[in-house]
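Note sheet for the following structure.
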Amino acid sequence: MEFKYSNEPEQSGHHTAQYDQFYTRFAPIYDWLVKTLPIWRNWIGAAISEIQGPRVLEISFGTGYLMTQYAGQFETFGIDYNKHMAQIALTNLRQAVFKVSLQVADVERLPYHTATFDTVLNTMAFTAYPDGQLALSEMRRVLRPGGRVVMVDICFPKDGNRPGTFLTNAWKAGGDIIRDMPALFEEFGFEYTDREIGGYGSVHLYVATKSVEMDPKF
Ligand SMILES: C[S@@+](CC[C@H](N)C(=O)[O-])C[C@H]1O[C@@H](n2cnc3c(N)ncnc32)[C@H](O)[C@@H]1O
């Protein structure tokens with residue numbers, strides 16, 4: 001099946017800055033929406049059973065809802081680019097009495113040593129990143145060999161069904177960068193599974209494992 005994936009923006013800094021302005025305005029509403037919409041909580045919550053510890057990094061944790069659901073069980077770290085989202089996340093996590101290490105940072109420059117984490121978690125955020133290769137290479141770098149990326153995001157339904165394709169195209173029209181994620185995982189040498197978990201096959205749960213044999217290319 002032929003799908004029309006997005007082109008990545010030429011000005012990646014400009015793209016990230018624009019999204020950041022949007023999240024600055026949207027942060028309190030986003031927090032309310034995640035806590036209120038069961039469908040969103042179910043989609044991102046599907047990632048939890050795939051987490052392997054002990055050390056977990058959530059990239060783009062938003063206002064921290066997902067973290068409040070698993071942080072007590074793992075040594076938990078997180079980064080997000082938007083400081084307003086991060087501030088709300090901190091409040092949510094304090095209320096949940098969890099101790100986590102949060103930083104404001106860019107997925108393109110993760111402030112961690114190579115091979116640090118057992119799981120890198122990423123929900124509903126990869127389609128916001130302007131450079132998919134750079135983002136995935138950073139995720140891969142900070143994973144230990146045998147560690148996994150657990151990702152929930154939007155992509156075309158594998159069978160090309162109409163409602164799922166329509167929904168994916170609606171996200172794309174809204175500015176999300178829809179990529180061929182399986183091809184990207186393969187390019188970076190991941191073994192992966194791809195499960196459709198909602199939205200007529202437009203919401204995917206990927207579990208992508210980094211090979212135990214370290215490839216010097218990465
Ligand atoms: C739609 S929200 C998803 C939040 C949360 N993961 C969830 O599932 O509810 C996207 C998040 O990605 C973050 N983000 C966007 N670009 C980023 C970047 N370059 N580096 C790190 N985080 C980024 C935004 O600040 C925002 O919090």
Side-chain angles (χ1 to χ4, degrees), residues 6 8-9 11-48 50-51 56-71 76-93 96 100-112 117 119-139 141-142 149-155 167 170-172 174-179 197-199 202-206:
S6 308
E8 292 189 337
Q11 306 262 341
S12 75
H14 179 66
H15 177 93
T16 301
Q18 267 193 331
Y19 254 92
D20 197 43
Q21 277 179 10
F22 168 74
Y23 280 113
T24 294
R25 284 198 305 274
F26 193 49
I29 301 166
Y30 189 83
D31 190 42
W32 179 81
L33 280 175
V34 178
K35 288 172 178 165
T36 309
L37 288 178
I39 192 167
W40 195 267
R41 291 203 306 270
N42 288 342
W43 287 345
I44 65 177
I48 292 178
E50 302 294 344
I51 299 173
V56 178
L57 171 65
E58 184 170 348
I59 298 178
S60 302
F61 51 72
T63 57
Y65 166 78
L66 192 60
M67 228 178 229
T68 63
Q69 305 303 299
Y70 70 82
T76 304
F77 297 75
I79 69 107
D80 196 282
Y81 193 84
N82 185 274
K83 57 177 191 285
H84 301 274
M85 299 288 265
Q87 192 55 52
I88 296 175
L90 214 51
T91 308
N92 285 333
L93 284 148
V100 296
S101 166
L102 301 187
Q103 293 192 54
V104 171
D106 192 337
V107 65
E108 295 186 358
R109 283 173 294 278
L110 293 175
Y112 304 102
F117 297 101
T119 294
V120 164
L121 194 58
N122 187 243
T123 63
M124 297 301 195
F126 204 87
T127 52
Y129 307 150
D131 187 335
Q133 296 205 325
L134 190 48
L136 193 60
S137 70
E138 271 297 86
M139 291 180 178
R141 180 183 67 77
V142 299
V149 174
V150 178
M151 182 186 291
V152 174
D153 222 320
I154 306 296
C155 197
L167 287 173
W171 286 93
K172 192 176 155 194
D176 280 50
I177 300 169
I178 306 298
R179 300 183 170 89
I197 57 167
S202 62
V203 183
H204 295 243
L205 169 64
Y206 303 102

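Quick note: numbers below take in every heavy atom, side chains included, and nothing from hydrogens, waters or symmetry partners. As the structure is a computational prediction, the values presented were derived from the model and not from experiment. Order of listing sets the numbers, starting from 1, for every ligand and every atom in it.
- Every atom of ligand 1 is numbered from 1 in the order shown, and the set under 4.0 Å from a heavy atom of D106 is 18 (C), 19 (N), 20 (N).
- In this structure, N82 contributes its side chain and M85 its backbone to a donor-acceptor pair below 3.5 Å.
- No hydrogens or angles considered: nothing links the side chains of S6 and D176 as a donor-acceptor pair under 3.5 Å.
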(request) Take F77 and V56 through the test side-chain contact (heavy atoms from CB on, under 4.5 Å) and record every step on the way to the result. (result) CA-CA 6 Å; F77 297 75; V56 178; over 6 Å; no

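- A tilted orientation is assigned to the rings of W40 and W43, their planes being inclined by 30° to 60°.
- By heavy-atom distance, the residue among G78, A128, A17, S60 lying nearest atom 14 (N) of ligand 1 is S60.
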(request) Before giving the answer on side-chain contact (heavy atoms from CB on, under 4.5 Å), spell out for L57 and T119 the whole-Å C-alpha distance, their side-chain angles and the decisive distance to 0.1 Å. (result) CA-CA 6 Å; L57 171 65; T119 294; over 6 Å; no

(request) List the steps and the verdict of side-chain contact (heavy atoms from CB on, under 4.5 Å) for L102 and I79. (result) CA-CA 6 Å; L102 301 187; I79 69 107; over 6 Å; no

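- Close approach of ligand 1 to I44 (heavy-atom distance below 4.0 Å) involves ligand atoms 8 (O), 9 (O).
- For atom 8 (O) of ligand 1, the nearest protein heavy atom (residue, atom name, distance) is T123 OG1, 2.6 Å.
- Of the listed residues (F126, F26, Y23), the one carrying the non-hydrogen atom nearest atom 10 (C) of ligand 1 is Y23.
- For A105, the closest heavy-atom approach to ligand 1 falls below 4.0 Å.
- Here is the list of ligand 1 atoms found below 4.0 Å of a heavy atom in N82: 25 (O).
- If you check each of Y81, Y30, F22 against atom 9 (O) of ligand 1, the one with the closest non-hydrogen atom is Y30.
- What sits closest to atom 25 (O) of ligand 1 on the protein, heavy atoms only, is D80 OD1, 2.6 Å.
- Under a 4.0 angstrom heavy-atom cut-off, Y19 registers as lying outside contact with ligand 1.
- Not a single heavy atom of L66 sits under 4.0 Å from any atom of ligand 1.
- Contact detail for Y81 and V104: the closest heavy-atom pair is O-CG1, 3.4 Å.
- Residues N122 and Y206 have side chains that never bring a donor and an acceptor to within less than 3.5 angstrom of each other.
- Some N or O of V107 is nearer than 3.5 Å to an N or O of ligand 1, by distance alone.
- Less than 4.0 angstrom separates some heavy atom of M124 from each of these atoms of ligand 1: 1 (C), 2 (S), 3 (C), 8 (O), 10 (C).
- Between the choices W43, Y129, W40, the shortest heavy-atom distance to atom 17 (C) of ligand 1 belongs to Y129.
- No side-chain donor from either of E8 and Y129 sits under 3.5 Å from a side-chain acceptor of the other.
- No option in I59, L110, D106 other than L110 meets the side-chain contact (heavy atoms from CB on, under 4.5 Å) test with E138.
- Close contacts between ligand 1 and G62 involve ligand atoms 4 (C), 27 (O) [criterion: under 4.0 Å to a heavy atom].
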